[in-house]
2 protein chains.
Amino acid sequence: MPTRSRARETVQITADLAVLTIRQGELRVLVVNRGKEPFKGMYALPGGFMRPGETLDDTALRELQEETAIEGGTLGLEQVHVYSTPERDPRGRIVTCSYLAIAPNLPEPTADSDAAAASYVNVAGLLDGSVPLAFDHREILERAVELARAKLQYTTIATSFCAPEFTISELREVYETVWGVELDRANFHRKVRESPGFVEPTGNKRFTSGRPAALYRQGRSRSLDRPLLIPSHDEMEI
Amino acid sequence: MPTRSRARETVQITADLAVLTIRQGELRVLVVNRGKEPFKGMYALPGGFMRPGETLDDTALRELQEETAIEGGTLGLEQVHVYSTPERDPRGRIVTCSYLAIAPNLPEPTADSDAAAASYVNVAGLLDGSVPLAFDHREILERAVELARAKLQYTTIATSFCAPEFTISELREVYETVWGVELDRANFHRKVRESPGFVEPTGNKRFTSGRPAALYRQGRSRSLDRPLLIPSHDEMEI
DNA sequence: GCAAAAGTGTTAGGGGTACACCCATGC
DNA sequence: GCATGGGTGTACCCCTAACACTTTTGC
């Protein structure tokens with residue numbers, strides 16, 4: 001075996017964030033408008049370089065707090081995947097680790113960081129390519145959304161999309177929006193209420209144009225004993 | 001906000017492998033005996049530094065082929081997690097990405113690489129600390145095994161533990177070994193046979209001290225439509 | 001009262017679990 | 001025949017899906 005090219009590559013590492021939320025019935029993701037080259041003026045996922053003394057998780061949490069007003073500890077910030085293609089960043093050898101975060105419906109993004117402007121934009125348009133993203137961020141977003149869809153099945157993170165107090169219907173709309181399907185109101189209601197630790201009643205009610213809805217907050221449980229599976233379109237392949 | 005410590009950390013990256021297999025009814029993992037400091041003489045997971053021009057996946061695949069005779073493309077080599085604690089490697093700032101690989105029962109590990117000696121050792125002893133591992137490799141192994149356990153539920157990777165031709169009973173033993181539970185022979189048999197693309201019959205039979213068992217090979221499907229869930233010990237908490 | 005949205009009841013069917021039973025081979 | 005492990009049948013139960021029905025509010 002030849003001994004050439006045994007050099008160790010030295011790299012810089014970034015954490016890129018896919019901060020998902022739901023606005024106006026759409027699944028959206030936090031993006032920044034790039035203020036400088038490369039990809040100047042384009043949308044990009046927020047992110048930044050790891051600094052001395054930090055872990056990557058530290059980096060991701062710091063960037064999240066710089067971009068949003070959210071205290072990141074509450075919403076499960078979680079590694080998704082590492083992207084290390086040599087040409088993925090024209091500035092040099094930069095490896096990135098993507099993170100998934102879920103933002104509740106309330107707070108608007110703050111643009112007071114060095115990122116020019118931060119906003120939540122529709123995920124669908126980014127994934128189908130009609131709205132371009134810088135670097136390989138479309139691919140990164142795609143994988144993060146896939147993970148979010150899968151996690152809705154086995155965990156209680158759907159409650160992280162909601163305000164501190166929410167109705168069962170609002171929780172159902174989270175599932176319907178992220179999965180892109182319609183769910184049976186009645187069965188969903190029962191399933192959620194019967195899953196121990198998923199939600200707990202606050203005793204308050206929300207008054208709308210119908211019967212008032214009971215309000216709930218996040219329960220203690222992080223995982224679902226019995227998963228809420230994505231309805232399988234009953235593919236009839238012979 | 002102070003502008004100190006905005007420096008970008010520069011690091012080296014490694015890929016560390018958790019190559020799982022089953023030997024003599026035990027779940028085992030490929031380890032090497034470290035030939036030099038730090039942790040000289042200790043067990044460690046195989047791995048190595050990313051080289052110029054490589055992606056991390058390239059690195060992992062190259063290391064796998066150096067350590068085993070297995071063609072890595074066939075068994076799903078997959079990222080697990082990134083470890084970036086500053087003090088995790090006494091040689092300097094080294095970030096590692098762990099990979100999970102599944103090795104079939106047949107080939108013995110080859111020790112012809114620079115790693116002193118490679119061998120498959122019992123996972124249980126490494127996880128409970130009775131057999132120490134270098135660096136943070138115990139933690140890395142723990143997470144990789146967790147992922148493997150979870151993936152058995154939703155994917156067909158269990159067949160990667162088996163030889164090219166295997167019986168349903170052998171496949172069941174994979175589940176029982178990795179999960180550490182006993183499964184019902186009859187129900188497992190049906191479930192596997194009725195899962196489209198999980199296994200396909202070769203027409204051959206294996207003759208033992210009873211009725212001959214039909215032999216199967218891996219099917220086309222990578223994921224299971226209906227998962228094989230780990231039996232929940234029916235926790236009777238009040 | 002009527003519309004609207006929340007929440008409950010009910011029934012049919014599918015899949016999992018447990019376990020009894022039959023099958024094919026070696027000895 | 002008998003032991004041994006492979007494979008099938010079956011009854012029960014729980015979960016799910018589908019949908020009818022009741023409840024509570026605003027107007």
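A, B, ... follow the sequence lines: proteins, then strands. Residue 1 opens every chain.
In this structure, CG of Leu229(B) is placed 13 Å from P of dC15(D), rounded to the nearest angstrom. In this structure, CZ of Phe188(A) is placed 16 Å from C1' of dA5(C), rounded to the nearest angstrom. Per the geometry, CG belonging to Asp184(B) stands 13 Å off P belonging to dG6(D), to the nearest Å. One atom, NE2 of His189(B), and another, P of dT17(C), lie 17 Å apart when rounded to the nearest Å. In this structure, CG of Asn187(B) is placed 13 Å from P of dA20(C), rounded to the nearest angstrom. The distance from atom CG of Asn204(B) to atom P of dT25(C) is 14 Å, rounded to the nearest whole Å. A straight line from CZ of Arg211(A) to C1' of dG7(C) spans 5 Å, rounded to a whole angstrom.
Within the structure, every side-chain polar atom (N or O) of Lys191(A) is placed at least 4.0 Å from both OP1 and OP2 of dC15(D).
Nucleic acid contact class of Ala214(B) (heavy atoms, under 4.0 Å, all strands): sugar-phosphate only. When heavy atoms are screened at a 4.0 angstrom cut-off, Ser169(B) is found touching the sugar-phosphate backbone but no base atom. Contact annotation for Arg190(A): base contact, defined as any heavy-atom pair under 4.0 Å involving a base atom. Arg185(A) comes within 4.0 angstrom of a base, heavy atoms only.
Between Trp179(B) and Tyr175(B), the two ring planes are perpendicular [angle over 60°; tilted spans 30° to 60°]. Between Tyr83(A) and His81(A), the ring planes lie perpendicular to each other; the angle is over 60°, past the 30° to 60° tilted range.
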message: side chain to side chain donor-acceptor pair (under 3.5 Å) for Arg23(A) and Thr21(A)? Distances and angles first, verdict last.
response: CA-CA 7 Å; Arg23(A) 292 275 194 289; Thr21(A) 195; 3.1 Å; yes
task: Please assess Thr85(B) against Asp136(B) for the test side-chain contact (heavy atoms from CB on, under 4.5 Å), listing each intermediate value before the final yes or no.
output: CA-CA 10 Å; Thr85(B) 308; Asp136(B) 49 1; 5.6 Å; no
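Taking for each of Thr208(A) and Ala186(A) the nucleotide of DNA chain C with the nearest heavy atom, the 5'-most of the two is the partner of Thr208(A).
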